[in-house]
Amino acid sequence: MFKELDPILHSQLRLAVVSLLISVKEAEFTFIKEKTGATAGNLSVQLGKLKDAGYIDVTKQFKDNYPLTLCKISKKGVEAFEEYVNALQSYMKPNTDSKD
Amino acid sequence: MQQPMDELNSLQLIESMINKAKNRFSESGTLYIIWGIVVLVCSLVQFAGTMWFNYPPVQYIWMLTWVMLIYQVFYLRKKKKSSTVKTYTDEIIGYVWICFVITLWLMSFILIMNDAGKLLLASILVIYGIPTFLSGIILHFRPLIVGGISCWLLSLSTVVIKEPYHILLISVAMLAAWIIPGVLLRNKFINENSHAR
């Protein structure tokens, strides 16, 4: 039986953000924007969706009088990401088996 | 980034984003080079002052390390401000060096208070080796690993080298463990960051 893919993560930009955040402790909005190549508007919307799902924690601060958005993956986000990867692997396995 | 994805695309995307985060090399080597030069100069001046000029106040040259400490506080604050990401590697290395400073101060205090000052430089060499070696392991940077091992070998050599010359072993350790690896780290940092742009 194939596991269902998490619709929150099964979107290119949201998956890119979570994959990036899983590798670092925390990242600023500018770092995520640079690495994903997304526009600021689109990224804000997708970060909002991940935050609403409880997958990331978003903290707003000020640095040198400029607003600063810090993002960090949550425990729920890590679990969701692991489940998503497991589900992907279950989809991939039958293909690799058939090649052998 | 909003085209439909199949499973293979998803895995490729995950892999590419993890690599983008992983390949970010943030250690510029600046503090290794500056600290290395400061301690090298202090140790050489102390050796020359005590051995050739018989001038005990020369030990006050070590006050330079306090100036360096103040500079480091400003440098790290500036670096933190300009950094847009905090990695687990940066954090672990930071804690390794905090342990080093605490151990160095405690060990120096305990040895001096117990009239075991002649073991001070050998102990310092042992302690220098620990953060250098660990940083090399964490950063996957061989020159730092070699530098850490060099410190331990130099500490062993204090058994056969006469005490007045122990301070010169500190000078050699600075070259092997901090200055040379620091320059190589700097080259790697410049190289990788110019490729990333």
Side-chain angles (χ1 to χ4, degrees), chain A residues 2-7 9-39 41-43 45-46 59 61-66 68-73 81-82 84-96, chain B residues 1-28 73-99 134-135 137-141 189-190 192-197:
Chain A
F2 289 135
K3 291 178 189 170
E4 203 175 317
L5 290 173
D6 183 343
L9 290 181
H10 199 58
S11 132
Q12 280 199 329
L13 185 50
R14 290 196 292 270
L15 182 61
V17 170
V18 172
S19 306
L20 205 55
L21 289 179
I22 204 120
S23 325
V24 298
K25 195 180 177 205
E26 60 181 15
E28 286 182 20
F29 182 87
T30 46
F31 176 83
I32 303 172
K33 182 172 168 283
E34 182 202 323
K35 296 294 176 189
T36 56
T39 62
N42 192 12
L43 184 58
V45 172
Q46 304 310 326
T59 319
Q61 297 175 356
F62 279 92
K63 186 159 95 176
D64 296 333
N65 295 325
Y66 288 99
L68 170 77
T69 306
L70 280 173
C71 302
K72 192 177 176 179
I73 195 156
F81 181 77
E82 283 170 354
Y84 181 82
V85 173
N86 285 340
L88 279 182
Q89 283 170 341
S90 71
Y91 275 84
M92 302 296 289
K93 260 186 188 158
N95 290 341
T96 51
Chain B
M1 270 219 168
Q2 286 304 322
Q3 299 101 16
M5 285 195 301
D6 62 22
E7 297 76 39
L8 190 62
N9 291 148
S10 296
L11 282 174
Q12 283 168 342
L13 177 65
I14 292 168
E15 194 186 348
S16 95
M17 295 316 290
I18 289 175
N19 281 334
K20 275 187 187 179
K22 203 173 67 183
N23 291 340
R24 199 191 131 273
F25 196 75
S26 66
E27 182 52 69
S28 66
V73 170
F74 284 104
Y75 173 85
L76 290 177
R77 196 179 286 181
K78 195 179 159 197
K79 193 179 170 193
K80 194 179 171 190
K81 267 188 185 175
S82 63
S83 167
T84 55
V85 64
K86 193 173 180 183
T87 64
Y88 293 106
T89 308
D90 295 339
E91 195 182 40
I92 293 168
I93 289 183
Y95 282 121
V96 165
W97 286 96
I98 287 172
C99 290
L134 284 177
S135 299
I137 295 286
I138 296 165
L139 292 170
H140 302 289
F141 192 65
F189 175 79
I190 293 169
E192 293 196 359
N193 281 281
S194 65
H195 283 309
R197 269 156 225 242

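As the structure is a prediction and not an experimental result, all values here were calculated from the model. A, B, ... follow the sequence lines: proteins, then strands. Residue 1 opens every chain. These numbers come from the heavy atoms of this one structure, side chains and all, not from hydrogens, waters or symmetry mates.
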| message | For Tyr84(A), which atoms come within 4.5 Å of any heavy atom of chain B: side chain, backbone, both, or neither? | response |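 For Tyr84(A), the side chain is the part near chain B, not the backbone.
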
| said: Please classify the contact of Val85(A) with chain B as side chain, backbone, both or neither, using a heavy-atom distance under 4.5 Å. | reply: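 Answer is side chain: those atoms of Val85(A) sit under 4.5 Å from chain B.
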
Would you give the length of the straight line joining atom [atom1] of [X] to atom [atom2] of [Y], rounded to the nearest 0.5 angstrom?
X: Ile18(B); Y: Ser19(A); atom1: CD1; atom2: OG; answer: 5.5 Å
X: Gln12(A); Y: Asn9(B); atom1: CD; atom2: CG; answer: 6.5 Å
X: Arg14(A); Y: Leu13(B); atom1: CZ; atom2: CG; answer: 12.5 Å
X: Met17(B); Y: Ile22(A); atom1: CE; atom2: CD1; answer: 13.0 Å
X: Thr84(B); Y: Lys33(A); atom1: OG1; atom2: NZ; answer: 12.0 Å

| field | For Ser10(B) against His10(A), the heavy-atom pair lying closest together | value |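 Scanning both residues completely, I find the closest heavy atoms to be OG-CE1, 3.6 Å.
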
| Going through the distances and angles, do Leu88(A) and Ile14(B) end up as a side-chain contact (heavy atoms from CB on, under 4.5 Å)? | CA-CA 11 Å; Leu88(A) 279 182; Ile14(B) 292 168; 4.0 Å; yes

| query | Taking everything shown except Glu15(B) itself, do over 12 heavy atoms lie less than 6.0 Å from its CD? | reply |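 Not more than 12 within 6.0 Å, no.
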
